[in-house]
Participant: 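Here it is, the structure, as structure tokens.
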Amino acid sequence: MSAESTPEPGIPGSAGTEGPRRRAKGRRRRPRATRRKALLITAWTAAGVVVLGGTAAGYLYFKLNGNIKSVDINQALGTDRPLKVDNGSENILVLGSDTRSGSNKKLGGGTDDGSARSDTAMIVHIYRGHKKASVVSIPRDTLVERPRCTDRKGTVYPGSSSAMFNSAYSTGGAACAVKTVESMTGIRMDHYLEVDFSGFQDLIDDLGGVRVTTTKDIADKDSHLDLKAGTHTLDGRQALGLVRTRHGVGDGSDLGRIQLQQAFIKALVNQVKHIGVLTSPTKLYDLADTATKTVTTDSELASVKDLASFAGGLKGISSSHMNMVTMPVRYDAANANRVLVEKTKAQLIWKALKDDRAIPKAATHGAATGSAKGVVTSG
């Protein structure tokens with residue numbers, strides 16, 4: 001499903017839609033295992049296209065340009081957005097889509113019902129000088145105030161005071177997801193990047209896999225993952241299983257899965273920085289071809305030249321200069337499978353990013369967290 005496709009409204013109470021909230025009884029239920037994760041990190045693009053602006057020409061250049069799918073966020077949202085802060089920093093909304101269309105159906109399981117949600121969401125803040133970054137993961141199960149949105153067909157959807165965060169994408173596409181994040185944070189998103197299951201898997205395979213160390217066994221039949229404690233070079237299918245798993249390790253929560261994803265991102269960044277793509281023109285082209293087919297971008301990154309220029313500005317950021325946090329939340333007393341934003345703590349994060357400062361530790365201290373921290377490290 002393309003980034004701009006808009007599904008029919010879901011069944012009230014189903015995942016990704018609003019519905020009546022019921023008081024949780026007894027101990028907290030394990031979250032449902034039917035949701036899948038896709039993951040995108042801007043370093044993938046850096047690895048695949050950073051040198052293409054100067055080396056690709058003729059047919060290959062235009063072929064790669066033709067691969068890129070884009071969404072005109074500026075046109076869709078108009079002037080109803082936070083002002084751009086001109087301090088040298090950049091903010092990118094990165095989404096992973098859980099569409100079951102095409103080759104994603106086999107990888108993700110489930111039924112291709114024409115819908116898709118943002119199953120992974122991260123705000124990537126690049127600090128002035130482009131030497132360090134902060135990444136804020138947004139739990140998909142967070143209940144948020146979703147603003148009024150219009151999809152690309154012109155259908156208007158009213159706002160909701162208590163919508164699951166990932167329903168913004170399924171309601172009004174990429175533009176609605178961006179609008180929801182901007183409304184939540186008060187921060188303008190300078191760029192938008194999206195990937196799906198099959199794109200994620202193909203990128204990891206083209207990179208030659210990603211080396212990680214697991215400190216515990218991870219076994220999850222739902223995400224088709226079975227890893228013994230130790231060091232592994234994960235291929236695309238295994239990597240997809242790792243970032244999707246929530247019952248294979250920890251408490252089975254989405255917050256624990258986010259901890260695994262954040263650890264994998266750091267391992268991926270390390271892998272990208274050491275891979276020898278420049279020594280093999282064929283490998284470089286294959287990686288660039290996959291990367292440009294995989295990503296959906298905002299219209300300002302919709303050419304190889306623009307994408308390469310953007311990615312080139314990120315290549316100096318190492319994993320040791322990436323601060324990764326989760327938006328502070330607490331479990332909803334009315335529904336233990338949902339979380340609510342800790343607004344006072346979250347505001348500390350948003351203000352720090354607006355001011356291009358480091359996120360204070362107080363912003364995440366005491367917030368709900370998973371139990372998968374330290375299970376995955378760079379190999």
Participant: Measure across C176 and R146 and return the closest heavy-atom pair with its distance rounded to 0.1 Å.
Facilitator: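 Minimum heavy-atom contact is SG-CD, 4.3 Å.
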
Participant: Specify the closest pair of heavy atoms between I138 and M327, including all atoms of both residues, with the distance to one decimal.
Facilitator: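 Closest heavy-atom pair between I138 and M327: CG2-CE, 3.8 Å.
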
Participant: Does a donor on one side chain and an acceptor on the other come within less than 3.5 Å for T369 and Q259?
Facilitator: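 Yes, because at least one side-chain N or O of T369 sits under 3.5 Å from a partner of the opposite role on Q259.
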
Participant: Under a 4.5 Å side-chain heavy-atom rule over Ile, Leu, Val, Met, Phe, Trp and Tyr, are F165 and V325 clustered together?
Facilitator: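 As far as the 4.5 Å side-chain criterion goes, V325 and F165 are connected within one cluster.
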
Participant: Quick one: side chains of residues 182-189, donor-acceptor pairs under 3.5 Å with protein atoms, not counting sequence neighbours, listed by atom name and distance.
Facilitator:
{"residue": "E182", "atom": "OE1", "partner": "R81", "partner atom": "NE", "Å": "3.1"}
{"residue": "E182", "atom": "OE2", "partner": "R81", "partner atom": "NE", "Å": "3.3"}
{"residue": "E182", "atom": "OE2", "partner": "R81", "partner atom": "NH2", "Å": "2.7"}
{"residue": "E182", "atom": "OE2", "partner": "M189", "partner atom": "N", "Å": "2.9"}
{"residue": "T185", "atom": "OG1", "partner": "V181", "partner atom": "O", "Å": "2.8"}
{"residue": "T185", "atom": "OG1", "partner": "I187", "partner atom": "N", "Å": "3.0"}
{"residue": "R188", "atom": "NH1", "partner": "P82", "partner atom": "O", "Å": "3.2"}

Participant: Going by the rule salt bridge (charged side-chain N to carboxylate O under 4.0 Å, His left out), which residues pair with D226 if we only count those two or more places apart in sequence or in a different chain?
Facilitator: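 If we apply the salt bridge (charged side-chain N to carboxylate O under 4.0 Å, His left out) test to D226, skipping adjacent residues, there are no hits.
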
Participant: Just grab all the ring pair (Phe, Tyr, Trp, His ring centres under 6.0 Å) pairs involving residues 170-189, residues at least two apart or on different chains.
Facilitator: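 Not a single pair qualifies under ring pair (Phe, Tyr, Trp, His ring centres under 6.0 Å).
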
Participant: Please determine, by modelled atom types, if D202 and T290 share a side-chain donor-acceptor pair under 3.5 angstrom.
Facilitator: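 There is no such pair (donor and acceptor under 3.5 Å, judged by atom type) between the side chains of D202 and T290.
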
Participant: Answer with yes or no whether the side chains of D356 and H125 bring together a donor and an acceptor at under 3.5 Å.
Facilitator: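 On atom types as modelled, these side chains qualify, holding a pair under 3.5 Å.
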
Participant: Looking at V329 and L255, what are the two nearest heavy atoms and their distance?
Facilitator: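 Looking at all heavy atoms of both residues, the closest pair is CG2-CD2, 4.1 Å.
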
Participant: Is any side-chain N of the basic residue among D289 and K63 closer than 4.0 Å to the acidic one's carboxylate O?
Facilitator: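 Here D289 pairs with K63 in a salt bridge, since their nearest N and O are under 4.0 Å apart.
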
Participant: Are D306 and S309 close enough that a side-chain donor and a side-chain acceptor fall under 3.5 Å?
Facilitator: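 No.
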
Participant: If we count only N and O atoms by modelled type, under 3.5 Å, do the side chains of S137 and Q262 hold a donor and an acceptor together?
Facilitator: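 Yes, because at least one side-chain N or O of S137 sits under 3.5 Å from a partner of the opposite role on Q262.
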
Participant: Taking atom types as modelled and ignoring hydrogens, do the side chains of T231 and R211 form a donor-acceptor contact shorter than 3.5 angstrom?
Facilitator: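 There is no such pair (donor and acceptor under 3.5 Å, judged by atom type) between the side chains of T231 and R211.
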
Participant: Is it the case that the side chains of Y127 and E90 hold a donor-acceptor pair, with the cut-off being a distance below 3.5 Å and no angle test?
Facilitator: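 The criterion, which ignores hydrogens and geometry beyond distance, is not satisfied for Y127 and E90.
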
Participant: Just verifying a value: how many Å separate K216 NZ and L227 CG, rounded to the nearest 0.5 Å?
Facilitator: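 Interatomic distance, K216 NZ to L227 CG, rounded to 0.5 Å: 14.5 Å.
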
Participant: Looking just at side-chain N and O atoms, do Q201 and D235 make a donor-acceptor pair shorter than 3.5 Å?
Facilitator: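 Looking only at side-chain atoms, D235 and Q201 do not form any donor-acceptor pair under 3.5 Å.
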
